[in-house]
Structure formats: structure tokens, C-alpha cells
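Each chain gets a letter, A, B and so on, in the order its sequence line appears, and its residues count up from 1. We use all heavy atoms of the structure for the numbers below, so side chains are in, but hydrogens, waters and symmetry mates are not.
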Amino acid sequence: MIEVEKLKKVYSDLAKGEFVALAGISFRAQPGEIFGLLGPNGAGKTTALRILSTVLRPSSGLVRINGFDVMTHPAEVRRSIGFVSNNTAIYDRMTAWEMVEYFGKLYDIPEDRLKDRMEMIFQQLAMGDIRDVPGAKMSTGMKQKVSIARAMVHDPPVLIFDEASVGLDVMVARSLLKIIASLRDEGKCVIFSTHIMREVERICDRVAILYRGCILDEGTLPELSERHQQNDFEELFFEMLSNYDRERAEKLAAGGSPS
Amino acid sequence: MNWKHVKLIFSRELRDQLRDRRTLFTITILPILLYPLMGMLMLQVAQFSREHPVQIKILGSENIPESPRLVDGEQLYSRVGIESIAPLVKISSSALPELDNEKLQTQATEMLNKGDQDLIVIFKPRFREYMDQLAQTQVGEMVEGDLLDESDRGLEVILTRSRDQSQIAYNRWQIAIEAWQQEWIATKLKGAGFDPRLVRPLHIAPVDVAPEATRRAIVWSKILPFIMLIWALTGAFYPAVDLCAGEKERGTLETLLSSPARRREIVWGKLLTVIFFSCMTALLNLGSMQFTASLLSNQLAAGGARGLAESLGTPPIYAIGWLTLALIPMASLFSALALAVAALARSTKEGQYYLMPLLLMMLPFVMIPMLPGIELSLGTSLMPVTGMVLLSRALVEGQYLEAVRYLPIVAVVTITCCLLAIRWAVRQFESESVMFRENERWDLRMWITSIWRERDFTASVMEAMLCGAIILVVKFFASLASTEPISDFAGLSKAVLIGQLALILTPTLLMAIMLTKSVRTSLRVNAPKPIDFAVCILLAIAFHPLAMWFSTAVTTVYPLSPAMIEATSGITKTIIDTPLWMILLTLAVLPAFCEEVAFRGFIFGGLIRQNGVLRAILVSALFFGLTHGVLQQSISASFMGMLLGWVAWRTGGIVCTIAMHLIHNSLSILLSRAATSETSPAWLDLFVTFEKGGFHYDASWTTVSIVLSIACLWILYVRSSDSIVANESRTVDRPLTD
């Protein structure tokens, strides 16, 4: 469903010059699976997901979603995904219903089907009470629900959540994780990026640990625990990052390339 | 392109903006309130100043001649011509105090400064005596007063321009005293047995043959297009910033970019919204202004100012129709430009900073038509915005023949500008670096370090633009410094050497050394294929008649001023008098090398990046043209620059363009010299006709040369060897895909 091969992204920045945001990462995610992309801030998670959603262009490598290449068939890719970003961005002067309807129409869903689909989603996400509330008057949790509804409206096979739980209170975050889990149960392929270990432990079937643009390791949680001989996932995460930094520093000291 | 998506985005943006109170206030409430309030205020101020009586103090009333009467008690004596102002002047008269002139003036100044009086009029002690004597004097006789000091017999008026009332009092007094003088002369003439009409024997009444519609529209035809375009520009700004920078700031743009709508569809949807608001702002302002003006004109007519009221009256409805028609392309142009510029901004605040320079750049084009004597002509119709303003003015004034004559040119210029602006806006939305610019902290040292660190093999787009701008600025200041006209070879060679080596080549080389990793690559010094080179040589010769024809056409449309002809005559004389090799070296070899290195080398190489072939050809040609200083030369050089740019692109370097430039300049010099020489080779007559010290190509050779040029261009186009295209594409950044 999602195939990422040697994906590389290089940015040009005033302070750092050309810097590598993604250094040739590879991973795969299957239908009916929640694939976690775990990493600290600046690891490259958002860059990777923006490339998956065709908003950014890869510098090199291959990304295929639902069989479509992001470079050659971006329009098909966009029809195959639902993208929820971390800033819960919705239009302030549109109601929840209008916002979801707008995106539904952009996906060319016929009027009658769209209405049925929206009724179902609003019921599923318990959004009946915010149906006519404009974005400016919504709480963060409400906005996030609208974003999810907007991403689900065309019933895409792939859903991408980019740090979607950031800034949400415990209740809303919990409800969000439940929704994501239910999407997996519907057979969707879900990519879920976060820097919160507990969320990964709760819902992810497989996880890739991303740090400084590289995937340090990938697998199911039991596989990772076994490989690194560490049952505490938080400890495991810190050890991997520390080891990577130490090896990198040693390479630099030896005059080698940092990556 | 999916127009359903465009319609959807347009409808959403429109609804969104209409729900924004700030937008509604700017486009509807403000114009509805602004003009009536302004009109009311103006009317009241005008009425106040018109009806408020002024105080005039007359000192020395005993010295005023008894006949004709000037003062009637505390008012001016009402006579023909001053009936309306007589009640608005309050006179207080007193005898002339026994003071010397200096003290008298001090006293008058005090009265004025206190505000008790608005004007002081002093009739000198012997004023009446002088006037009486003057009336009885025969031609050739001397009047006693002629020998007297002016200060003893004259009339002195003291005012203070620091107060408007004093100025108004002075104006009214002038009218009154002029009428009094006329009557005094008429009385004296009558007394001497002459017809008093001798004072003003002619009564000239002009006959205005302009159609009534034109007369009614004469004031508005100048004001309305200006007001309309200013508001169209202003009306495009806020929505453009909100739809680009605002969406970026709120984070909704990323959501939209990941939807099935393509970038082009998003731009069109947003563009239509901005155009809508731009048009609405302009139309509502026009409507409100028009409504207020018609009310004002009624008031003015009621107040007696019938002439002013007529010219301010409502223009015919079709005038508004023409303006509305002209508004659409103009609003489209402004909106596309505003959208492209606003896309650069990361926040609404930043967007406002970026749009202000755009407004300032547009203003001269809107204001040129307001200058006296500027009319619709071939020259003005070629100017973007200006041409459209003048066209709409001609339509409003009912000059349809003129308008139809220039309509195709104005339409082509306007549509081209619109398409280029829209293309730019789309490119902005396709650019990753523009859409996802992070909030970087700008630091000069960091910036310089980053420029050095990120040097590429060729210049960046910005560096290329900067190079062009630097050359233009230094050339401008150098032209201000050199005021001496060129009259000999020493002066000519000095001007060319400084112009080419110091002002064009040096900045280019310095930038190439400092900003790029390879001087050779950045200047595009590549060996061409021998066949390409040979074709270019042939093209330069074949294209010369066309270039000459274009230059002649330019000077026909924009004739050289006599001062310019005088200034260039020295250069022409020097070209003829100087040994050929010296003049070829100065005016052909040196410019061909320096200008090609700068414009088709460094600047072109930078501009062609990011798929910018068209941009590279047009902008490098524009810079090349502008460095020639004189408008006529600039246009011709820009035309030639486009050809050279195209060749530079197809041949992948500057060697061919240097050769073409060299041949073009050499041919011009050789033919100019042959035109003034008595012994030009006979075979030249096959191609060229010499007359009046000039030359022109024969029509048959021009036709052949056109065919030859097309053949050469076709060969270069077809040959477009893969290596050349590959060479360019190495530095070409692909835009974001859809």
C-alpha cells in the first residue's frame, strides 16, 4: 500500500546551508496496519509525510502509494490519501459541515453520496453538536475532529496523521487514538507520526524510529524489544538515539562523513 | 485544468472573504461612507469660505476719487461684474494717519496679525490729485504725478498669505478695483467724446464643438480611470494577502495543497476571487463617488456655480460601462501580480510589506495619463496600464475612432502582461521554497556566509537580477556625471571604455568570481559547434535589415527630439571621421564582448535556472535594452536582445552571440560610413539605397533576408542538440508537480 525506497530530501537553509532532512529512508506499510513513525522534533517525520502527501517533492528515491508514484501520478496519490497535519488547520469562517463538504466536492464525490457519507462520519466522530459551529469558535479537539472528518470524507485507503495528537488534552487524544484504531479495523493503511512513546505502544502495529533523517530501526514492538534487549520502549528509544549520536561523533572525530 | 475545482475554490474563497468583516468594510462600507462624508465636508468648507465676508480696511479714504464710486458706506459699491462679491466684503474706512511709510506698514501688519482685518488698502495722499490730472492730460503732455515718488500717489495693498481669508480678500479686492478702473476709463473716454466700448472693443465667445457627451465627461474622463485603477489595485491587496500569506499563516494552505486540486486550479480559484474584490472595490468607489458628485453638482448649480456643476455632473451611463469593461483586464493584471507577490510572504504582516513596493511600481503607469498633453498614441498604447487608462479615457470622451485604432495594440499588451503575471503566480505556487519558507532569522553575516557556502556553478535568479540592477544603477549615475557632449574620438572612446569595461564588464566579472564556483560556466563560455557558429554568422547578416527596419519604425513612433539629434550628431561625425579599425574596435568589438558576457552570459545563465527560458530571454533583453539609456535605442536593443537571448539558449553559450553582436554593430558602422562616402562600392547598391546621408535596405533584399533569417532560426531550432539542452537542464530546477 505504501512503499518508500531510499527517499532523500535535501533542503537549503540560511543557517545550515544545504542540509539533508531525509537521508534515503525506506519502509513499507500494509492495509489494516498502523505504521508508527517515531522520532524527536526535527527528525524528518513531517518532511517524509509531506512527501507522501505530494506537498513536497523528493530529492531522490521512490514513493508509491496505493500503487501510484508521487512524482508521476500525484493526482491519483492525493485521491488515495487523507492527510491530517499537526496544526489542526481549518477555515475559521466555515462551519464543520461546510468544511467537510467543500473537501468532499474537491474529491468529486457525487452530491447524494457525499451527504450520506458526511452524515455517517459526523455520527461516527460524534460531531453532531459542532455541525454548524464556525472554525473560529471551535476548541482544539473539535478542530482536530473536523480535520479527521475532512481527511476521511472520500474514504481513502491510506490515512496519514502527522503528530495529530499534539496539543490535545488527554480525553481528546484518547478519543483520537480510538478513531485511528477503528480506521485500521476498517482495513485502512494508517501512517501515524508522533514523538510520544505511549501512543506508539498503544496503537502502532509496526514502528520505524526516525532520527536525523535516518531510520535507525523498524519492526513490531516485540521485534524491537528483542533486537535491543530492552523491554521498556522509552529506554529503548533513548538508547538508540544516544548510540547513534555517539557513533556519529566518533566518525566525525575520525574525519569521516557524519552520515 | 478542472474548472469545477476552480469554481469550487472560487466560491469558497468568495464566501470566506464576504464573511470577513474587515473585507466587507473595505470594499463596501468604506466607499459608501467615504465619498458622501468627504463631499459634505468639502461643500461645507467651500460654502463657508465662499459666503464668509472678508474685512478690508481702507486707509486714506479721503484720497479716493469721487467718481466713479468705489465704496458705498461699509460695502463696495455694487457695479456690473462685482454684484456677487460686493455683499461679501465689509469695508471700514478711515483717514490716512500722519505716519511715515514704515510705521504705517507696521500698523497694518499688526491689524492683519490680530485678525481684525483681512486686507489693508492704503490710498496715498496724492492719489486723487494724480488720477484727476491724468484724466485731463493730452497725449505727450507730462502729468505732474509722473515726477512724484510712487509712494506718494500710488495705491498699496497689504495682505498676509499665511491666512486664507487674507488671500480671498485680496482676490475680491482685485476684482473690485479692476471693475472700478474699467468704469473710470470708460467715463473719461466718454467725457472726451469717445465710445466707452473702446476700453474692451472685442467680446470673444468661444464655440466649443466637442459633443455634449465629451463636454460632460471632460473632467471625469481624467479622474475616473485614475480613481478606478487606484482602487482596483488597493482592492486586490487585502484579499491577495489573506488568500496566500493568511492561509500559510493559519496552516490551511497545506491542507488545500494535499487535496486533489492542482496548483494551477488553486491559483485560478484564488485569482478569480481577488479579481472579484478588486473590481467590486473599484466599482463601488466609482459608484459612490459618482453619486456624491451628482449631489454636489446639484448643490453647486443651486449655488450659482453652473459651469462647475455641469462639468462635475453625472457622465453618460455608457461612460461607466466603458470603464467597467476596461476595469476587468486591469483588475486581472493587478490581482495576478498581487497574488504572486503575496505568495512570497509567510504572514499577512510580511505580505503588506511586499505589496507596498508593488503599489509604488504601478503608480507611475497609472499617473502618466494624468500628465498634461499625454494622449492615446502608438507610443502610449504600448505602455502597460497607461495604454488602457488612455483607451478608457478616449471611450469615455466618445472618441471612438481613436479608441478603435489603438484597441488591438492595447489589448495585446494588456493580455500579454496579464498572462505573464498569471504565469508568475502559478510558478510561485509550484515553488516549494516559496510555499514552505520557514521563519528564518535574517542575519547579514549568516547571509553572506550562506551565499559563499552555497555558490553554484552559475548565478542564482536573484544574483542575475541584482547584476542587471547594479549595471543599470551605475550607468544611470555615470550618465548624470558626464554632461559633455561627444564631439571627437577621444571623447567617444573614453565614454565607451568607461561604459563597457568599468560599468558593465567589471561588476559582472566581480559577481561571477565572488558568487559562483566557476567563472567560465557562469559566463557561459562554451565552444559552439562549427555549424551553429556558421549559421549564427549568416543570421547576423540576414537579420540586419530587419533590425534596421525595426529601429526606423521605433523612431517613427517615438521621434527623436531635436536636442537628441543634436547630441548624437557629434557621435555620427566621429564615426565617419575616425579610422575604420579604431571605430570598429570601439563600437563593435568592445560592446559585443562586454555586453554579451554580462547579459547573455552571467545574467542569462542565472535567469534560465528553474525552467526560466522565457524569463531569461525577456529579462536579459530588457536589461540589455535599458542600458542603452535613450528610449528609442532601448526599444531597438531590447528587440535585438531577444534574438540574441534565443540564440544564446539554443547554442548554449555566448561565443555565437558575441559574433552576431559584433557583425551587427560592424554592419551598422560600415553602412553609415558608406552613406556619407562618395566612393562606396557599386555592389552595395544591390542591397542598400543611400540617401540624405543615411541608408535603407532595398525591399527585395529585405524580403530575402527575412526568408534567410527564418531558415537560420529554423536550423538552430531543429539542431537544438541534446548536449545543449542537457547543459541547460543541469541547472534547471523542476517545479512542484501536480
Engineer: Provide the closest heavy-atom pair for Ser85(A) versus Glu254(B) in the form atom of the first, atom of the second, distance.
Structural biologist: CB-OE2, 4.4 Å
Engineer: Do the non-hydrogen side-chain atoms of Lys105(A) and His5(B) ever get within less than 4.5 Å of each other?
Structural biologist: no
Engineer: Quick check for you: among Asn2(B), Ile9(B), Leu256(B), Asp20(B), which has the greatest number of heavy-atom pairs under 4.5 Å with chain A?
Structural biologist: Asp20(B)
Engineer: Grab the two heavy atoms, one from Arg19(B) and one from Arg93(A), that are nearest each other, plus how far apart they are.
Structural biologist: NH1-O, 2.6 Å
Engineer: Does Met120(A) have more than 12 heavy atoms from other residues, nucleotides or ligands lying within 6.0 Å of its CE?
Structural biologist: yes
Engineer: Please find the pair of heavy atoms, one from Arg250(B) and one from Asp92(A), that lie closest to each other, and give the distance.
Structural biologist: CD-OD2, 4.2 Å
Engineer: Any chance you could lay out the side-chain contact (heavy atoms from CB on, under 4.5 Å) test for Ile90(A) and Thr255(B), step after step, and finish with the verdict?
Structural biologist: CA-CA 8 Å; Ile90(A) 64 167; Thr255(B) 314; over 6 Å; no
Engineer: Answer yes when Asp108(A) and Lys4(B) have at least one side-chain N-carboxylate O distance shorter than 4.0 Å, and no when they do not.
Structural biologist: yes
Engineer: Given the ring of Tyr91(A), does Arg12(B) sit roughly above its face, with NZ or CZ under 6.0 Å from the centre of the six-membered ring and within 45° of the axis?
Structural biologist: yes
Engineer: Step by step, would you call Phe103(A) with Leu8(B) a side-chain contact (heavy atoms from CB on, under 4.5 Å)?
Structural biologist: CA-CA 9 Å; Phe103(A) 278 90; Leu8(B) 257 173; over 6 Å; no
Engineer: Please report the shortest heavy-atom distance between Leu257(B) and Arg78(A), naming the atom on each side.
Structural biologist: O-CD, 3.5 Å
Engineer: Looking at His154(A), Arg150(A), Glu98(A), which has the largest count of heavy-atom pairs under 4.5 Å with chain B?
Structural biologist: Glu98(A)
Engineer: About how many Å separate OG of Ser258(B) and CG of Leu52(A), when rounded to the nearest 0.5 Å?
Structural biologist: 12.0 Å
Engineer: Looking at Ala261(B) and Leu106(A), what are the two nearest heavy atoms and their distance?
Structural biologist: CB-CD2, 4.2 Å
Engineer: Would you compute the distance between atom OH of Tyr102(A) and atom OG of Ser11(B) and round it to the nearest 0.5 angstrom?
Structural biologist: 9.0 Å
